[in-house]
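Structure first, commentary second.
Numbered from 1 within each chain, the chains take letters A, B, ... in sequence-line order. Bear in mind the structure is a predicted one, so any value in this text is a computation, not a measurement.
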Amino acid sequence: MNLRKLPRGFYLRPTLTVAGDLLGLFLVRRIGKRLLVGRIVEVEAYLGERDPASHAYRGRTKRNEVMFWRGGHLYVYFTYGMHFCCNVVTEDEGIGRAVLLRAVEPVSGADVMIRNRKRSSRRNSMDITDLCRGPARLCQAFRIDHRDNGSDLCGRKIWIAAEPNAERVSPRRTARIGISNGTEHRWRFYLPNNRFVSRTPPHPLTPTRTR
DNA sequence: ATCAAGATTACCT
DNA sequence: GGTAATCTTGATA
């Protein structure tokens, strides 16, 4: 593989554009001498002050501080008393938008990912399919936690890379998962027919019927 | 000071 | 299908 680290400019573009473009790219993390690599298959955009589902909806706080940094940083938050989730910060400083990484397909370092997952969840079975399927599982596998909050994605510990010759697959869009406000927006992006996507989506073209 | 909710997961029937 | 686990945060008083 010929992976090229993305430049800062990638992240400084409109958030929905960045979200769609992230699909098929690679999350890379250095742990010691090992590199963990996962192909991004599912993300969600959170649009700051105009998005009631966003942590940044009510402005800057101690928790969401990093969301307001310049694009190309990692925003990591803690939730449900036990899980971490990570976001790619987008656009300019002071804007407060980001893209949640919801699932990746393990590409390299799966052995380390299995150990990391066992370390945090002490589970018996470790199917490859479930290693990074979901935002908190992904963080466990890549050993991403509060210490990584604010990491520069143009740095040497965590970054996103492209494979120049990779073929592009058009992403599908649906409403986001696990939120109660802002469900009218189709700001979840995923690769179709991919077993590493976290869930079968609430499909936008098949509204639920009553009766 | 108190409290409800949470960008989830694992395990149960 | 349902729900316990587990604790930080932000809102309200």
Next item on the list: Look at the aromatic rings of A:F78 and A:F84 and report parallel, tilted or perpendicular, splitting at 30° and 60°.
Entry: tilted
Next item on the list: Find the distance A:H55:NE2 to B:dA5:C1' and express it as a whole number of Å.
Entry: 11 Å
Check: For A:Y46 and B:dA7, is the gap between ring centres under 5.5 Å while the planes differ by less than 30°?
Finding: yes
Next item on the list: Could you check how far CZ of A:F84 sits from P of C:dT6, rounded to whole Å?
Entry: 15 Å
Item checked: C:dT6 OP1/OP2 closer than 4.0 Å to side-chain N/O of A:H83 -> no
Note to self: Any salt bridge linking A:E44 with A:R176? Criterion: basic side-chain nitrogen under 4.0 Å from a carboxylate oxygen.
What the structure shows: no
Checklist line | Listed nucleotide nearest any side-chain atom of A:T61, set B:dT8, C:dG10, C:dA5 | finding: C:dG10
Notebook entry, point to check: Does A:R137 have a side-chain nitrogen or oxygen under 4.0 Å from the phosphate oxygens OP1 or OP2 of B:dA10?
Noted result: yes
Check: Can you check the A:N181 CG to C:dA11 P distance for me, whole Å?
Finding: 14 Å
Next item on the list: Would you state whether a donor and an acceptor, one from the side chain of A:Y77 and one from the base of B:dA7, lie under 3.5 Å apart?
Entry: yes
Checklist line | Nucleotide of B:dA7, C:dT8, C:dA11 approaching A:R58 most closely (side-chain heavy atoms) | finding: C:dA11
Checklist line | A:R29 side chain vs A:R143 backbone, donor-acceptor pair below 3.5 Å | finding: yes
Check: Taking atom C1' of B:dC11 as reference, at what distance in whole Å does atom CG of A:D127 sit?
Finding: 16 Å
Check: With a non-hydrogen cut-off below 4.0 angstrom, is A:L100 in contact with a base, only sugar-phosphate, or nothing?
Finding: base
Next item on the list: Please state how far atom CG in A:D130 lies from atom C1' in B:dC11, giving the value in whole angstrom units.
Entry: 13 Å
Next item on the list: Can you figure out which of C:dT8, C:dA5, B:dT8 approaches the side chain of A:R102 most closely?
Entry: B:dT8
Margin query: Without decimals, in angstroms, what is the distance between A:N149 CG and C:dT9 P?
Written below: 11 Å
Check: Should we say atom CZ of A:R147 is surrounded by more than 12 heavy atoms from elsewhere, each under 6.0 Å from it?
Finding: no
Checklist line | Plane angle bin for A:H73 and A:W69 - parallel if under 30°, tilted between 30 and 60°, otherwise perpendicular | finding: perpendicular
Note to self: Counting only side-chain heavy atoms from C-beta out, which of B:dA10, C:dT6, B:dA7 sits nearest to A:R63?
What the structure shows: B:dA7
Checklist line | Sugar-phosphate, base or nothing in reach of A:Y80, heavy atoms under 4.0 Å | finding: base
Check: Rounded to the Å, how far apart are A:E65 CD and C:dT9 P?
Finding: 14 Å
Note to self: Distance check needed: B:dT9 C1' versus A:R119 CZ, whole Å only.
What the structure shows: 19 Å
Checklist line | A:N87 side-chain proximity, nearest of B:dA7, B:dT9, C:dT8 | finding: B:dA7
Item checked: Per A:P135 side chain, nearest of listed nucleotides C:dT6, B:dT8, B:dA10 -> B:dT8
Notebook entry, point to check: Hey, is the side chain of A:T79 poking within less than 4.0 Å of OP1 or OP2 on C:dT9, counting only N and O atoms?
Noted result: no
Note to self: Under the criterion salt bridge (charged side-chain N to carboxylate O under 4.0 Å, His left out), I'd like the reasoning laid out for A:D152 against A:R8: C-alpha separation, chi angles, the key distance, then a yes or no.
What the structure shows: CA-CA 10 Å; A:D152 188 352; A:R8 177 78 60 192; 3.0 Å; yes
Next item on the list: Please work out the stems of DNA chain C from pairs that are Watson-Crick or G-U wobble with both distances under 3.5 Å, keeping only runs of three or more consecutive pairs.
Entry: B:1-6 with C:7-12, B:8-12 with C:1-5
Checklist line | Partner residues of A:R58 under the side-chain hydrogen bond (donor to acceptor under 3.5 Å, both in side chains) criterion, sequence neighbours left out | finding: none
Next item on the list: Measure from the side chain of A:A136, starting at C-beta and using heavy atoms only, and say which of B:dA10, B:dT8, C:dG10 lies closest.
Entry: B:dT8
Checklist line | pair A:C132-A:R137: side-chain heavy atoms closer than 4.5 Å | finding: no
Next item on the list: Would you tell me if any nitrogen or oxygen in the side chain of A:R199 comes within less than 4.0 Å of OP1 or OP2 on B:dT9?
Entry: no
